[in-house]
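Structure first, commentary second.
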Amino acid sequence: MIDLVQLRREPEFVKASLARRGVSTLTMDEIEALDVEHRRLLQETESLRAEVNELSRQVGEAHRNKDVATAQELTAKSRVVGDLERQASEASESTGNALREMLLMIPNLPAPDVPDGLDDSDNVELRRWWVGMDEGLDAPTYADCQRVPHWETGAELGILDLESGAKLAGSMFPLLRGAGARLQRALGFFALDRHLDAYEEIQPPTLALTETMMSTGHLPKSVDDMYSIARDGLWAIPTAEVPLTSMRRGEILDEAELPIRLTAQTSCFRREAGAAGRDTRGLLRVHEFVKVELFNYCTPAQADAAFADVLARAEALLQALGLTYRVLLLCTGDLGTSSARTFDLEVFSPGVDRWLEVSSVSWFGDFQARRANVRFRTADGSIELVHTVNGSALAWPRIWAALVETYRQPDGSVILPDVLAPYMGGETTISTRPV
RNA sequence: GGAGGGAUGACAGAGCGGCCGAAUGUACCGGUCUUGAAAACCGGCGUGGGCUUGCCCACCGUGGGUUCAAAUCCCACUCCCUCCGCCA
């Protein structure tokens, strides 16, 4: 949620920032008007309530003095004022609700260095990395045997079974088997082990309350992209960011315990309602996938370092796996609702000949913390909202795809990078002939 | 799923419908005393909101209700504990 106090203090700046992301100034004018009206009604309500409180106090006093006549007179008076108070507070409440509903739909202010743009074509590529680049290799090259899409290799090797997944849950629910399943497990173990030097490992629930989904900004705005378990009032999480952000919801943290760094590998569920029919082949876009998430609660002063840390960890994994990737700075048009600044990491998939998003590293400022009401007490005793930072490291199905394509051999087998050997029982070759 | 008990400030723990935002203790912060520390004593010590910055309003698990007035009475729900049933 944006800061209403900031909107009052510097309305022009807030409106200009939001206009960059397509929020109409008229909408913001409406919010401002509602805010003014709400405060007017609030004052009216509170002064009437103060009057009722005072009259009630006098009633009590009269009773103690056995002054029945005065007590009755004051009770009658208080009843009248109480009716007025009820009317005022109903008006105030409905105005407040209208204001809150609008505010919940307003996205975060983009950071000043976020470029303007309409969609992903306006994102800015910051850098690329490929194996051999550090040794002077100008560009990665790919042999014909690497130009085979992972769904073909996956079927050939019996490690990706899209038909079975579709039979169980419908299309875009893949099923991994054998070495393919083990590869995804290996990736998760590999990544988590590398994060445990600084991050606490969490296994959160993968269903969440509406309130939990509100805190990160996934509801109400992105309701069509979420799976719901209506009967129990629960939602399937689209990312571990959802439970991790709410883990300390409503708490006042000690500055000394910040940054709090959490990591979790969970299933992530996405209806992909807006992307129906696009990029649906193989593992390019799926409804359920496994991802390791890195998360930080931090002070505003720590936010830059936290962001850099998450990004560095995601990049380090990609480099360790030997995958070509690029780093993008998202433009205003491609930024998620809650984010002030996001870097996307995309791996190159030689078999499909496309870049695939495998991580999104975001700084949310205090936007999510305001919704989740997570604050910290500074050394001098004042209380401030924390900042939240998170990023994937990494989302596995697309990494799986890039690995199977990048490491495909002329004989059709796949030889995985050595870093995964300890997690694959020492066996890095996947071939049709069982070993 | 069934039966019972509980939910109050950082923690423990009081609280006859009115003078209760809330006793008391611990913890914490400041001071006196002390060479220093401890002890003792004194003072402070929740969060949010509004505006006329001095006041007002809200908050005792959550939501509703009764009342001039609710931490206190009534209803529903949530969570925790104990027991029974079922079960990975």
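Proteins come first, then strands; the chains are lettered A, B, ... in the order of their sequence lines, and each starts at number 1.
Rounded to whole Å, atom C1' of B:C56 lies 14 Å from atom CD of A:Glu85. A:Leu48 has its CG atom 15 Å from the C1' atom of B:A58, to the nearest Å. In this structure, CG of A:Asp254 is placed 18 Å from P of B:A27, rounded to the nearest angstrom. Atoms CG (A:Leu42) and P (B:U52) sit 14 Å apart, rounded to a whole Å. Here B:C57 presents its P atom at 18 Å from CG of A:Leu41, a figure rounded to the nearest Å. For the pair A:Glu61 CD and B:C20 P, the computed distance is 13 Å after rounding to whole Å. For the pair A:Asp232 CG and B:C79 P, the computed distance is 11 Å after rounding to whole Å. As rounded to whole Å, 15 Å separates atom P of B:G9 from atom CZ of A:Arg377.
A salt bridge links A:Arg40 to A:Glu37: one of the charged nitrogens lies within less than 4.0 Å of a carboxylate oxygen. Salt-bridge annotation for A:Arg313 and A:Glu315: absent, with no side-chain N of the basic residue lying under 4.0 Å from a carboxylate O of the acidic one. Looking at A:Arg377 and A:Asp254, no side-chain N of the basic residue comes within less than 4.0 Å of a carboxylate O on the acidic one, giving no salt bridge. Using a cutoff of 4.0 Å between basic side-chain nitrogens and carboxylate oxygens, A:Arg9 and A:Asp3 are not scored as salt-bridged.
At a cut-off of 3.5 Å, with distance as the only test, a side-chain donor of A:Glu241 or A:Gln368 sits close to an acceptor on the other residue. With 3.5 Å as the limit, one finds no donor-acceptor pair spanning the side chains of A:His150 and A:Trp400. Between A:Asp309 and A:Tyr199, the side chains place a donor N or O and an acceptor N or O closer than 3.5 Å (distance only, hydrogens not considered).
Ring-plane geometry between A:Tyr227 and A:Phe173 is classed as tilted, the angle between the planes lying from 30 to 60 degrees on a 0 to 90 degree scale. Ring geometry, A:Tyr423 versus A:Phe189: the interplanar angle exceeds 60°, so the pair is classed perpendicular (tilted spans 30 to 60°).
The separation of B:G65 from B:C59, taken at their P atoms, amounts to 14 Å, rounded to a whole angstrom. Rounded to a whole angstrom, the distance from the C1' atom of B:G61 to that of B:G6 is 11 Å. Taking atom P on both nucleotides, B:A7 is separated from B:C73 by 11 Å, rounded to a whole Å. Atom P of B:A76 sits at a distance of 32 Å from the matching atom of B:A23, rounded to the whole Å. The gap from the P atom of B:C83 to that of B:U47 amounts to 39 Å, rounded to the nearest Å. For the P atoms, the distance linking B:U62 with B:U26 amounts to 29 Å, nearest Å. Nucleotides B:G18 and B:A39, compared at atom C1', are 43 Å apart to the nearest Å. The gap from the P atom of B:C20 to that of B:A12 amounts to 25 Å, rounded to the nearest Å.
Side chain A:Glu46 to base B:G49: a donor-acceptor pair is found below 3.5 Å. For B:C56, the base has no donor-acceptor partner in the side chain of A:Arg49 [N/O atoms by modelled type, under 3.5 angstrom].
Candidate nucleotides B:G49, B:U47, B:C19 were compared by shortest atom distance to the side chain of A:Arg64, and B:C19 ranks first. Among the nucleotides B:C19, B:C56, B:C51, the one closest to any side-chain atom of A:Arg39 is B:C51. Comparing B:U47, B:C56, B:G18 by their nearest atom to the side chain of A:Ala50 picks out B:C56.
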### Derivation and outcome, side-chain hydrogen bond (donor to acceptor under 3.5 Å, both in side chains), residues A:Thr45 and A:Ser89
CA-CA 5 Å; A:Thr45 303; A:Ser89 86; 5.6 Å; no

### Task
Convert the base pairs of RNA chain B into dot-bracket notation, remembering that pairs crossing earlier ones are written with [ ] and that bases paired across to another strand are shown as |; include only Watson-Crick or G-U pairs under 3.5 Å.
((((((((.[[[..)..(.....]]].(((((.......))))).((((((..)))))).[[[[[..)....]]]]])))))))....

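Each of A:Gly381 and A:Arg8 was matched to the nucleotide of RNA chain B holding its nearest heavy atom; the match closer to the 5' end belongs to A:Gly381. The residue among A:Ser47 and A:Val5 whose nearest nucleotide of RNA chain B lies closer to the 5′ end is A:Val5.
Taking the six-membered ring for Trp and the full ring otherwise, the centers of A:Phe307 and A:Phe343 sit less than 6.0 Å from each other.
Dashed line: the shortest gap from a side-chain N or O of A:Arg375 to OP1 or OP2 of B:G48 is under 4.0 Å.
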### Task
Classify every nucleotide of nucleotides 60-72 of chain B by which part a protein heavy atom approaches to under 4.0 Å, writing B for the base, S for the sugar-phosphate alone and - for neither, in 5'-to-3' order.
--------BS---

